[in-house]
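This report refers to the structure that appears directly beneath it.
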Protein chains: 2
Amino acid sequence: MIELSRTDSGNASRSATRAANLAERIYGQLKRDIFDFRLLPGDRFTETEVAERMGVSRTPVREALFRLQRESYVEVLYRNGWRVRPFNFEYFEDLYDVRTILECAAVRRLCDRETMPQQLEDLKRIWLVPESARLEDMNTLSALDERFHEMLVEAAGNSEMALIHHDITEKIRIIRRLDFTKPPRVDATYVEHGMVLKAILERRPEPAQMMLKAHIEESRREVRKITLHMLHSARQDAQGRE
Amino acid sequence: MIELSRTDSGNASRSATRAANLAERIYGQLKRDIFDFRLLPGDRFTETEVAERMGVSRTPVREALFRLQRESYVEVLYRNGWRVRPFNFEYFEDLYDVRTILECAAVRRLCDRETMPQQLEDLKRIWLVPESARLEDMNTLSALDERFHEMLVEAAGNSEMALIHHDITEKIRIIRRLDFTKPPRVDATYVEHGMVLKAILERRPEPAQMMLKAHIEESRREVRKITLHMLHSARQDAQGRE
DNA sequence: GAACACAAACTTGTGTACAAGAAGGTGCTC
DNA sequence: GAGCACCTTCTTGTACACAAGTTTGTGTTC
């Protein structure tokens with residue numbers, strides 16, 4: 001089976017299961033609420049409200065909220081409740097840019113190495129496969145795509161860079177998933193990832209960076225188109241529920 | 001007077017003054033304790049201990065500690081106290097690398113612009129001065145050096161990149177200050193900053209990046225030498241006090 | 001009817017009490 | 001004396017009570 005593990009201290013989908021402490025569980029739950037648009041950008045809520053809904057006291061709720069605040073998902077209004085941070089497209093654009101910078105730097109470093117790290121082998125096994133062996137499940141692919149980019153950076157060997165990149169990945173996941181709603185992008189992803197990998201293995205940093213950049217740019221463009229529509233319908237859903 | 005303001009939500013030296021809430025004050029105080037080696041890497045302590053010393057309850061102390069944990073200054077041992085994270089030189093090396101990557105990317109972007117942002121003018125007024133007008137106070141220079149690099153990144157116009165770079169700056173400040181303990185480095189800093197600025201203003205990205213890289217590398221080398229000695233004597237001081 | 005003062009209802013910030021669990025010392029057994 | 005079980009002590013995790021301050025609605029005045 002494919003190994004994709006990571007220390008992963010902030011994954012919204014998994015942190016709920018291993019609930020070492022309440023605060024972490026609340027953190028995961030809130031994050032998922034935001035990601036699944038149950039809590040919409042701009043929505044206001046109070047600590048007591050969350051505490052009652054989750055059946056715990058305010059203490060762990062506050063701890064979770066402070067973490068989410070630090071990660072800029074929510075903001076506190078002095079003695080006046082909390083708010084899910086409104087969508088800011090410039091924010092995501094900026095994050096995409098930083099992501100590109102870091103990944104390109106990682107690729108450059110990889111090409112400079114004489115021996116390739118294990119991660120590259122793992123990636124080859126996943127992405128350099130015949131067309132018939134390509135996966136089709138959107139959720140799996142979305143997760144694999146994330147791991148492709150993260151593992152590239154991890155392979156470069158700078159843990160702090162990998163950590164920062166991981167944080168960015170977490171932050172843009174909320175809109176990035178939308179990239180995999182259309183099948184054509186799936187095939188394109190296989191092709192583009194494959195080309196990047198080959199360029200790295202052939203130690204050709206310039207083409208590798210260029211293709212990686214183009215690939216991210218393509219995905220970003222796709223997401224940009226979908227997000228507005230998505231947000232709109234989520235708002236309508238929410239109104240329908242009221 | 002020179003304007004160097006920044007939103008700056010985590011500066012150890014300033015956050016204590018404007019104590020909006022206790023948690024922030026404790027945060028600043030603890031950070032300063034770590035920076036000034038009153039709390040040494042590896043030192044263990046408890047929440048109650050800190051709370052009593054600062055004359056507050058555990059609640060704001062915990063909030064402050066969680067922030068410091070997230071910024072990887074301290075770590076919690078499950079139901080067994082807290083510890084100042086032991087010095088890890090690889091950690092600082094990695095951060096220096098990421099810093100270099102981000103600043104080089106910023107410089108590249110700056111060179112691509114047709115009009116230069118205001119920040120560049122400010123930096124010129126500080127660093128492109130005759131030798132006679134150079135400042136000599138180490139603390140001021142250390143702060144100005146930090147702002148030079150931060151402002152370069154801010155000038156590039158990507159707020160998220162600037163934020164990440166700012167976080168890194170905060171994290172390496174504890175050892176970076178040591179760079180300004182020797183006068184020769186002061187002169188070198190003036191020369192090197194000046195050269196970088198000129199190269200940017202002349203829209204020559206390659207030399208600009210190379211010089212910036214060399215400058216950071218030089219500073220890193222200097223710090224590397226001093227840190228070990230510094231840490232050693234801090235440990236001896238601490239033992240003498242016991 | 002409009003504007004202002006006031007009070008009631010909430011909200012977060014902080015302090016405190018108690019619960020769950022880890023570590024280390026103490027006494028017992030062999 | 002060595003090893004083990006137990007218990008005390010101390011730690012963080014959580015709940016809850018109260019303080020400080022904001023908002024909002026209501027009543028009064030003009």
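Numbered from 1 within each chain, the chains take letters A, B, ... in sequence-line order. None of the values given here were measured: they were computed from a predicted structure.
- Under the 4.5 Å side-chain criterion, counting only non-hydrogen atoms from C-beta, Arg67(B) is not in contact with Arg62(B).
- The interatomic distance linking Asn80(B) (CG) with dT9(D) (P) rounds to 18 Å, in whole Å.
- Atoms CG (Leu77(B)) and C1' (dG13(D)) sit 15 Å apart, rounded to a whole Å.
- Comparing atom distances between the Asn21(A) side chain and each of dT23(D), dT14(D), dT12(C) picks out dT14(D) as nearest.
- Rounded to an integer number of Å, the gap from Glu24(A) CD to dT14(D) P is 10 Å.
- Closest to the Glu47(A) side chain, of the nucleotides dT14(C), dT12(C), dT14(D), is dT12(C).
- With rounding to whole Å, Leu22(B) atom CG is found 12 Å from dT16(C) atom P.
- Classification of the His193(B)-Phe148(B) ring pair by plane angle, with boundaries at 30° and 60°, yields parallel.
- A sub-4.0 Å separation between OP1 or OP2 of dG15(C) and a side-chain N or O of Arg58(B) is absent.
- Between dG15(C) and Ser57(B), a contact under 4.0 Å exists linking OP1 or OP2 to a side-chain N or O.
- If you measure from atom CZ of Arg83(A) to atom P of dT11(C), you get 16 Å, rounded to the nearest angstrom.
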Do Arg83(B) and Glu75(B) pass the salt bridge (Lys or Arg N to Asp or Glu O under 4.0 Å) test, and can you show the C-alpha distance, the side-chain angles, and the key distance before you say yes or no? CA-CA 5 Å; Arg83(B) 174 169 56 192; Glu75(B) 52 193 359; 3.1 Å; yes
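- Looking at the side chain of Val56(B), the nearest of the listed nucleotides dG13(C), dG15(C), dT12(D) is dG15(C).
- Put simply, CD on Glu49(A) is 19 Å from P on dA9(C), counting in whole angstrom units.
- Side chains of Arg176(A) and Thr169(A) form a contact here, defined as non-hydrogen atoms less than 4.5 Å apart.
- Between the side chain of Arg79(A) and the base of dT22(D) there is no donor-acceptor pair of N/O atoms closer than 3.5 Å.
- Tyr27(A) and Glu71(A) share a side-chain donor-acceptor pair at under 3.5 Å.
- Here dG13(C) presents its P atom at 7 Å from OH of Tyr78(A), a figure rounded to the nearest Å.
- Residue contacts shown for Thr59(A) include a base, since a base heavy atom lies under 4.0 Å away.
- Atom pair Glu52(B):CD and dC10(D):C1' shows a separation of 13 Å (rounding to whole Å applied).
- Within the structure, a side-chain polar atom (N or O) of Trp82(A) is placed less than 4.0 Å from OP1 or OP2 of dT12(C).
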